Number of protein chains: 2
Amino acid sequence: MLVRMPETAEQRPYHHGSLRAALLDAAERGLRERGADRLSLRDLAREIGVSHAAPRRHFADRQALLDALAEAGFVRLGAAMHAALSEGDGDGGDDGGGGEREFPTRVRDAVSAFAHFATENPALHALMNAGKHRPGATRVAQAAASAFAQMYDLIEEGQANDTLRQGDPEEIGIILYATVQGITTMVNNGMIDAARLDGLIDTAVALFLRGARPPGR
Amino acid sequence: MLVRMPETAEQRPYHHGSLRAALLDAAERGLRERGADRLSLRDLAREIGVSHAAPRRHFADRQALLDALAEAGFVRLGAAMHAALSEGDGDGGDDGGGGEREFPTRVRDAVSAFAHFATENPALHALMNAGKHRPGATRVAQAAASAFAQMYDLIEEGQANDTLRQGDPEEIGIILYATVQGITTMVNNGMIDAARLDGLIDTAVALFLRGARPPGR
DNA sequence: GAAACAAAGTAGTCAATGGAAACATCTAAC
DNA sequence: GTTAGATGTTTCCATTGACTACTTTGTTTC
């Protein structure tokens, strides 16, 4: 038996069912297309087809939505870096004795994944670094820390390898992270032509590895 | 003879005389105190004591004001770096045979000036890097390029010194600039404790100089 | 020195927004 | 089955950026 839908009156039930997810989804698109500034709760509600006050049931206010977006961004960034670090070991074609890639290559891959994530999601990257998050936005900070931890681990790996000199791995990790951060910000800014990204990343990584290698080598 | 001012009717002339400057001034304060997001043209007008439409005579719209702030920020940043690089030669107390500082010290001073400017003006720094400037905001880009040029020159100086290896000075300069940029962003973010700033800058500069020194040395 | 004119400020209006309150509807637990 | 809580709706308000028409002031030109 067919359930006939009235032509004008839509069949949409009173409750959307997954408004929160729909909002985040639409917000992400809006963020990408128009930037955080021009992201309006009412616009999102309209787009989804829900009343303008409905979003407030899921996000206390506009900033809460932005915080959620930033948090999701850090999670995705962490995943991208993780993927870059874990895949590639037995990368596609020639399996067999592949073994692990060299440490410098691993650094380059992780950093490159970060850089491309940032430049492919400029508005999101800006939002993640906006630092305007709520006083109590622990979730954002935590997601950021989690993504950052991979850089930290990588440094420790290099130190264990004797490819990097000893020293506070967090400090060294911050510097590498910050360098990529800065480069991508400048690319997203327009201060640097996007075409130079890969070259800059390569140079930066090479420079970093030389600067941070153990004294004797 | 005393000029008596009416108690209620103010003596302020019809024309403010320097509204543009007053707006920029108030805006800079507002930016510092409440961030770019909560900077309202009407608020500024109220604070200055002028009608809400008056600012439009001087700034086509809100973004134009923000652009002007960013431009001024880059000018000030450039000046701060310039001061750090030119002063200090015969720095205060013991004059006499002072002479020029060592290149590494000069790099550290310039970078440190940049870093402190950025962390002492977090909202301004964010605005300067927001990259949401008008399509035709050449002035902002130009001011930024001008500030950046000093980093460029400094690299060339190091190369002439044979303290830095050869290579595109712009590329190397970008990397150093980006590193400081990233560190300060993370400090302003809250991702890094502000107390670590100087230590991080020192480490970053040392790491950079090691990484970029000529092959043989 | 007066008239024409441009510059700078004012007042009023509009649509959009975020936020809040009061009310409606669905769902789940008892 | 009723009731409580979650989720949506409607209505309302203050604020904001932007626009238009008008007024005041300062300057240039004759």
Side-chain angles (χ1 to χ4, degrees), chain A residues 3 6 8-27 30-31 33-70 127 130 132-137, chain B residues 6 8-27 29-31 33-70 127 130 132-137:
Chain A
V3 176
T8 54
E10 285 82 6
Q11 88 295 2
R12 76 183 65 143
Y14 190 88
H15 288 100
H16 180 282
S18 51
L19 221 204
R20 190 192 153 89
L23 281 168
L24 283 174
D25 200 63
L31 178 64
E33 290 169 8
R34 296 182 305 185
D37 285 353
R38 273 178 275 185
L39 202 58
S40 133
L41 290 178
R42 286 170 113 103
D43 238 6
L44 298 178
R46 265 191 294 273
E47 183 180 331
I48 297 177
V50 86
S51 87
H52 71 262
R56 274 182 63 78
R57 295 287 174 204
H58 300 275
F59 299 99
D61 63 18
R62 202 182 105 97
Q63 188 55 48
L65 172 63
L66 295 181
D67 283 356
L69 283 177
L127 179 64
K132 290 168 182 171
H133 312 303
R134 276 289 172 58
Chain B
T8 55
E10 286 85 3
Q11 88 295 2
R12 76 183 65 142
Y14 190 88
H15 288 100
H16 179 283
S18 50
L19 222 204
R20 189 191 154 90
L23 280 168
L24 283 173
D25 199 63
R29 224 169 332 155
L31 179 63
E33 291 169 7
R34 296 182 305 185
D37 285 353
R38 273 179 276 182
L39 203 58
S40 133
L41 291 178
R42 287 171 112 102
D43 238 6
L44 297 178
R46 265 190 294 271
E47 182 181 333
I48 297 177
V50 86
S51 88
H52 70 263
R56 275 183 63 79
R57 296 283 172 206
H58 301 275
F59 299 99
D61 63 20
R62 202 183 105 97
Q63 188 57 47
L65 172 63
L66 295 182
D67 283 356
L69 283 178
L127 180 63
K132 290 169 183 171
H133 312 302
R134 275 290 172 57

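Small disclaimer: the values here were computed from a predicted structure and weren't measured. Each chain gets a letter, A, B and so on, in the order the sequences are listed, and its residues count up from 1.
The 5' end of DNA chain C is approached more closely, in terms of each residue's nearest nucleotide, by B:Ser51 than by the other of A:Gln63 and B:Ser51. Looking at which nucleotide of DNA chain D each of B:Ala60 and A:Ala53 is closest to, the 5′-most match is held by A:Ala53.
With C:dT17, C:dA8, D:dT10 as the choices, the nucleotide that has an atom nearest any side-chain atom of B:Arg57 turns out to be C:dA8.
B:Ser40 places a side-chain N or O within donor-acceptor distance of the main-chain N or O of B:Asp43, the cut-off being under 3.5 Å. Formation of a donor-acceptor pair under 3.5 Å by the A:Arg62 side chain with backbone atoms of A:Leu39 is found in this model.
Distance B:His58 NE2 to C:dA7 P: 12 Å, rounded to the nearest Å. In this entry the distance linking CG of B:Leu44 with P of D:dT16 reads 10 Å, nearest Å. Rounding to whole angstrom units, CG of residue B:Asp37 and C1' of C:dG18 are separated by 13 Å. Nucleotide C:dA8 holds its C1' atom 14 Å from the CZ atom of B:Phe59, rounded to whole Å. When rounded to the nearest whole Å, the span between CG of B:Asp61 and P of D:dA18 equals 5 Å. Taking atom CG of A:Leu41 as the reference point, atom P of C:dA20 lies 12 Å away to the nearest angstrom. With rounding to whole Å, A:Leu19 atom CG is found 12 Å from D:dT9 atom C1'. B:Arg34 has its CZ atom 13 Å from the P atom of D:dT15, to the nearest Å.
No hydrogens or angles were tested; on distance alone, a donor-acceptor pair under 3.5 Å links the side chain of A:Arg42 to the base of C:dG18. With hydrogens and angles ignored, a donor-acceptor pair closer than 3.5 Å exists between the side chain of A:His52 and the base of D:dT11.
Considering only side-chain N and O atoms, A:Arg56 lies nowhere under 4.0 angstrom from the phosphate OP1 or OP2 of C:dG18. Phosphate proximity of D:dG17 to B:Ser40: present, with a side-chain N or O under 4.0 Å from OP1 or OP2. Between B:Arg46 and D:dT16 there is a side-chain N or O to OP1 or OP2 distance below 4.0 Å.
Between A:Arg57 and A:Leu19 there is no side-chain heavy-atom pair separated by less than 4.5 Å.
Looking at heavy-atom distances under 4.0 Å, B:Leu39 makes contact with sugar-phosphate atoms alone, never a base.
Put simply, CG on A:Leu41 and CG on A:Leu23 are 8.0 Å apart, with the number rounded to the nearest 0.5 Å. Taken to the nearest 0.5 Å, the CG atom of A:Asp25 stands 13.0 Å off from the CZ atom of A:Arg20.
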